[in-house]
Q: 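Please find one structure pasted underneath; my questions will follow.
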Amino acid sequence: MGEKKTVYSICGMCSVRCPIMVEVEGGRVRWISGNPHDAGMGTALCAKGIAGRALLDDTERPLSPMIRDGERGSGKWKTVSWDEALDYVAEKLKAIIDQYGGRAVLLSDRGGPFGEYRKAFLKAIGSPNYCNHDVTCAVSVNHAALSLFGFGRKTLNYDYKNTKHIVLYGRNILESIKIKTTKAVINALDRGAKLTYIDPRYSVTAAKATRWWKIKPGTDYALNLALIHIIIKEGLYDKAFVNRWVHGFEHLAKFVEQYTPEWAEEETGIPAQEMYLFCREIAQDAPHVIFHPGWMRARYKQAFWESRTTYILNILMGAIEVPGGLFFMKGPKDAGKKGLNSIGENLPKVEEKRADGAGWKYPYINKGPGLLHRAFEAIKTGDPYPIKAYFVHRHDPLTGLPDPEAQVEIFKNLDLLVVVDVNWSETSKYADVILPECTYLERSDLIANQKGLKPGFRIRTAAIEPQYDTKPGWWIYIELAKRLGKGEHFPYESIEDMWKKQLEGTGITVEQIQEKGFITLTDKPIWYDRMNELPFKTESGKIEIINKKWEDAGIPCLKPYEPPEKPPKGKFRLLFGRCAWQTHAMWMNNPALHPYLKENVLWINKKVAEEMGLKDGDKVVVSNGGYQKEMRIFATELIHPEAVFMLHGFGRTVPQQTRAYNRGVADQRLEVGLLDVYDPAGGANALCECFIEVRPAK
Amino acid sequence: MAKYYIYHDPTRCIGCLACEVSCMDWKGLPYGEANCRIFRFGPEALFGEPDLTFMYTSCFHCEKPLCVEACPSGALAKREGDGVVVFREDLCIGCRACITACPWGIPQWNEGTGKIHKCDYCVDRIDQGLEPACVTRCPVDALKFVRVEEASQLKRMRWLRDTFGRQVAPAANY
């Protein structure tokens with residue numbers, strides 16, 4: 001027994017970052033649940049969140065700073081003190097900056113609300129090269145939003161609570177869990193809302209759907225064009241909303257004339273009749289409908305247009321800034337309040353152009369998250385300039401981006417590869433230095449904005465002290481900045497100093513936020529007048545069907561449909577996804593979660609399997625390029641015959657992770673040659689443009 | 001007399017395993033060896049229709065618990081008042097008679113301790129006015145900790161709701 005306390009904080013087991021309540025007794029975390037102060041959350045917590053306690057006690061992760069003690073990737077490490085590790089990194093960085101300039105430093109992470117100090121660090125050393133993981137996530141969705149509304153995807157959110165019909169394109173909302181969303185969707189379904197789920201594979205979301213379309217992989221765009229065709233032809237769209245806000249509707253109407261449902265039936269495998277019924281049905285429920293534009297849509301080269309036409313379907317339904325549809329995320333300003341202050345003091349403006357070409361070579365690509373695969377190209381070629389140092393912050397490109405073998409080759413051009421992580425990532429294996437971050441339960445982070453109908457702030461507060469020789473990320477970068485002579489930009493000794501700076505002039509104290517883990521700046525939800533004051537950020541101030549930025553670069557906003565490549569004989573299109581008790585790849589080795597999923601299996605169409613002489617549970621060899629491995633099959637009629645599917649994140653190669661080591665198949669290693677295959681308009685890697693061979697194991 | 005029941009709603013359940021992980025986290029059980037277990041039917045094409053259904057299983061806390069009758073050491077007992085079938089690990093002699101006796105396969109073997117473990121509705125929690133760990137953290141409220149008599153009403157309302165596709169409430173409740 002010991003002192004008891006309750007800390008309201010933010011989960012860190014996946015990128016969703018749900019609000020949590022942590023109970024501590026005698027310096028040990030006794031219990032973690034959802035934060036009951038958040039009504040949409042309650043005490044709910046997913047398996048991963050609960051397994052946070054197992055993470056704390058897991059010693060199969062880097063527990064002190066390490067410097068490579070052998071060839072890169074040799075797995076030989078020397079344990080060092082923080083001073084030694086930071087001095088070493090600073091010295092290497094100094095030499096690189098002296099020779100190549102600050103721009104030679106690249107950093108990638110998984111984005112999120114706490115990363116301001118990382119961007120500030122790059123600015124302080126004069127590098128424009130910040131990238132997040134978005135090329136293998138939502139970057140094409142983001143650009144689809146930018147091309148229509150002039151703002152990114154995060155400006156609009158989805159009101160599941162009041163919706164009457166949700167349409168999801170492979171967005172496996174009941175397995176890729178965001179607790180508040182998942183609960184709201186289940187509540188909506190219980191209320192009688194409809195769910196149309198479009199996926200070549202039958203997932204848990206499909207199981208709860210009112211309609212499942214087993215679409216041919218890669219043909220979402222064809223389906224959308226046909227749906228738009230019907231909606232316009234039958235006059236099912238919200239004419240008042242479209243007249244008020246849509247610029248270039250006539251181009252859209254003309255463009256979709258050729259894309260009839262009968263044509264799309266051939267392409268997608270979905271009966272035209274069902275498309276007509278769907279459109280008439282959903283129009284009845286408009287505007288309280290949601291066509292989800294996609295979260296992880298880094299799958300096909302047409303991702304931008306798939307997502308863009310999905311947004312257009314929302315627009316046609318008038319489902320913008322309306323209960324049960326999409327709504328604008330409001331910030332402190334909308335509540336008439338002052339927002340958080342930036343922590344970087346007098347940071348120089350970085351004029352240098354980005355190595356990945358975002359904003360200049362690709363003027364339509366947003367400079368925020370950048371294009372990591374193009375930054376890799378710069379590492380490889382030295383064009384437009386050399387990149388010599390790469391910080392990988394709690395990100396794992398060797399798992400997340402395709403073709404790790406090609407990436408390891410590229411990394412050979414780096415003079416310094418630093419991994420900051422809680423875990424042994426696949427990338428950490430090739431690091432020169434590992435700077436272990438403490439877990440989210442041992443770490444306080446910057447105060448974050450919480451945008452929404454009721455904007456506010458939220459906070460992650462350390463529940464306990466770090467149990468091992470690990471440090472918070474912000475401390476690591478500030479220490480490095482100081483060693484590089486850039487300490488003046490970070491006049492802080494503690495997180496409290498930074499919180500103080502963030503909250504200056506807001507009239508709000510840290511204690512007020514910590515009381516419940518968050519604070520809202522208004523009692524009433526804020527809605528804009530949807531017919532008069534929607535703040536679109538395009539040139540015309542309207543929703544633009546044709547956006548000049550893309551058109552000027554030779555990229556048509558209404559691109560003629562191109563059918564996906566057919567799998568060559570004997571090959572299958574490789575699809576991947578995740579389950580509810582794993583993230584994409586972070587916790588395969590977590591002691592509490594590992595027993596539930598030791599190896600992944602290959603979903604394959606039952607009829608196809610039978611033709612190959614295979615039955616459920618048989619072993620096959622999957623291969624592509626130089627990678628091949630055995631795995632068991634799950635033979636089912638509930639997957640499209642052109643596709644095979646596996647869960648992502650397996651086949652790990654770091655021996656320190658004894659539980660997960662070498663278990664299962666790494667889908668990204670089958671994605672050979674895909675590092676340079678991406679959606680040209682939205683920038684996302686096209687991870688499902690991948691064909692693999694499957695043959696019975698001997 | 002048995003007072004409580006854990007009602008599982010398969011229409012809401014997404015098979016996310018939070019209940020299992022929650023149980024073993026709270027009870028300190030070996031990883032992967034929760035007292036409650038989620039099973040699945042499918043995914044499969046059932047009479048041509050795709051289907052995937054999850055079912056929750058845990059101790060029923062029987063009125064006449066055969067495990068208690070079989071237990072020679074007093075480790076299993078039916079608690080006065082609320083009828084929870086409780087387990088005292090310190091008294092368990094690891095004879096496994098309960099595993100043989102229970103028709104539902106509820107008592108499980110703990111290799112680490114050489115004793116059994118089974119659900120006790122988290123009596124330590126319910127005595128503080130809390131709910132069992134599995135129920136507390138269910139992400140979609142598919143589990144409800146209720147009085148037994150409520151369970152039948154909930155179940156009736158569920159099949160009416162699913163059959164007719166409309167909201168349903170007891171006739172007298174308005």
Side-chain angles (χ1 to χ4, degrees), chain A residues 18 30-34 36 41-54 173-175 177-180 182-187 189-192 201-210 212 214 579-581 590-598 603 606 634 636-639 659, chain B residues 9-34 37-38 40-46 48-54 122 124-125 128 130-143 145 157-158 161-162 164-168:
Chain A
C18 291
R30 308 297 300 178
W31 170 262
I32 313 169
S33 76
M41 183 78 190
T43 52
L45 197 60
C46 76
K48 293 162 291 198
I50 299 166
R53 272 181 11 107
I173 212 158
L174 303 182
E175 288 188 273
I177 295 184
K178 295 171 118 174
I179 292 177
K180 288 170 75 171
T182 303
K183 197 190 283 208
V185 168
I186 289 287
N187 285 342
L189 294 175
D190 232 352
R191 239 197 320 100
R201 181 186 75 105
Y202 186 78
S203 64
V204 172
T205 308
K208 304 289 181 195
T210 34
W212 171 47
K214 186 163 78 175
C579 64
W581 53 94
N590 180 288
L593 300 173
H594 172 73
Y596 288 102
L597 195 63
K598 294 175 179 166
W603 289 50
K606 199 172 186 176
F634 170 55
T636 172
E637 45 277 81
L638 304 179
I639 184 168
R659 294 174 285 265
Chain B
D9 184 346
T11 305
R12 293 183 70 92
C13 179
I14 55 170
C16 70
L17 298 180
C19 51
E20 285 201 31
V21 179
S22 186
C23 172
M24 83 199 175
D25 173 64
W26 178 249
K27 288 292 187 188
L29 294 169
Y31 294 129
E33 304 286 330
R37 298 294 178 109
I38 286 282
R40 65 179 161 85
F41 298 103
E44 63 194 338
L46 206 61
E49 284 296 311
D51 186 68
L52 172 61
T53 302
F54 299 102
C122 297
D124 47 346
R125 293 178 58 80
Q128 291 177 58
L130 300 168
E131 295 187 319
C134 57
V135 176
T136 307
R137 295 193 279 204
C138 173
V140 289
D141 301 329
L143 293 175
F145 187 56
M157 278 162 64
R158 168 50 70 202
R161 161 73 189 77
D162 286 356
F164 296 97
R166 294 169 61 195
Q167 294 287 29
V168 58

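Here is the naming used below: chain letters follow the sequence lines, and residue numbers restart at 1 for every chain.
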Q: So, for B:Ala18 and A:Leu45, which heavy atoms are closest and what is the spacing to 0.1 Å?
A: CB-O, 3.5 Å
Q: Select one option (side chain, backbone, both, neither) describing which atoms of A:Ala54 are under 4.5 Å from chain B's heavy atoms.
A: both
Q: Find the distance between CG (A:Asn187) and CG (B:Asp141) and round it off to the nearest 0.5 Å.
A: 6.5 Å
Q: Tell me whether A:Lys606 at atom NZ has more than 12 heavy atoms from other residues, nucleotides or ligands lying less than 6.0 Å away.
A: no
Q: Within this structure, what is the CD1-CZ distance for the pair A:Ile32 and B:Arg137, rounded to the nearest 0.5 Å?
A: 7.5 Å
Q: Under a 4.5 Å heavy-atom cut-off, does chain B meet the side chain of A:Arg30, its backbone, both or neither?
A: backbone
Q: Select one option (side chain, backbone, both, neither) describing which atoms of B:Glu131 are under 4.5 Å from chain A's heavy atoms.
A: neither
Q: Using a cut-off of under 4.5 Å on heavy-atom pairs, state which of B:Arg40, B:Arg166, B:Arg125 scores highest against chain A.
A: B:Arg125
Q: How long is the straight-line distance from CH2 of A:Trp581 back to CD of B:Glu20, given to the nearest 0.5 Å?
A: 9.5 Å
Q: How close do A:Tyr596 and B:Gly32 get, heavy atom to heavy atom, and via which atoms?
A: OH-CA, 3.7 Å
Q: Please examine the side chains of B:Ile14 and A:Ile177, heavy atoms only from C-beta on, and report whether any two atoms are closer than 4.5 Å.
A: yes
Q: What is the minimum heavy-atom distance between B:Cys16 and A:Ala580, and which atoms define it?
A: CB-CB, 3.5 Å
Q: How far apart are the closest heavy atoms of A:Lys183 and B:Pro139, and which atoms are they?
A: CE-O, 3.2 Å
Q: Relative to chain B, which segment of A:Ile186 carries a heavy atom at a distance below 4.5 Å: side chain, backbone, both, or neither?
A: both
Q: Report yes if the side chains of A:Tyr202 and B:Leu52 come closer than 4.5 Å at any heavy-atom pair, otherwise no.
A: yes
Q: Which atom names give the shortest non-hydrogen contact between A:Asp190 and B:Arg158, and what distance separates them?
A: OD1-NH2, 2.9 Å
Q: Could you tell me which portion of B:Glu44 (side chain, backbone, both or neither) has an atom closer than 4.5 angstrom to a non-hydrogen atom of chain A?
A: backbone
Q: State the OG1-NZ distance between B:Thr53 and A:Lys208, to the nearest 0.5 angstrom.
A: 7.0 Å
Q: Do you know the tightest heavy-atom contact between A:Ala592 and B:Met24?
A: O-CE, 3.4 Å
Q: Go through the atoms of B:Ala142 and report whether side chain, backbone, both or neither lie under 4.5 Å from a heavy atom of chain A.
A: neither
Q: List for me each residue that meets salt bridge (Lys or Arg N to Asp or Glu O under 4.0 Å) alongside B:Arg161, sequence neighbours excluded, and say none if there are none.
A: none
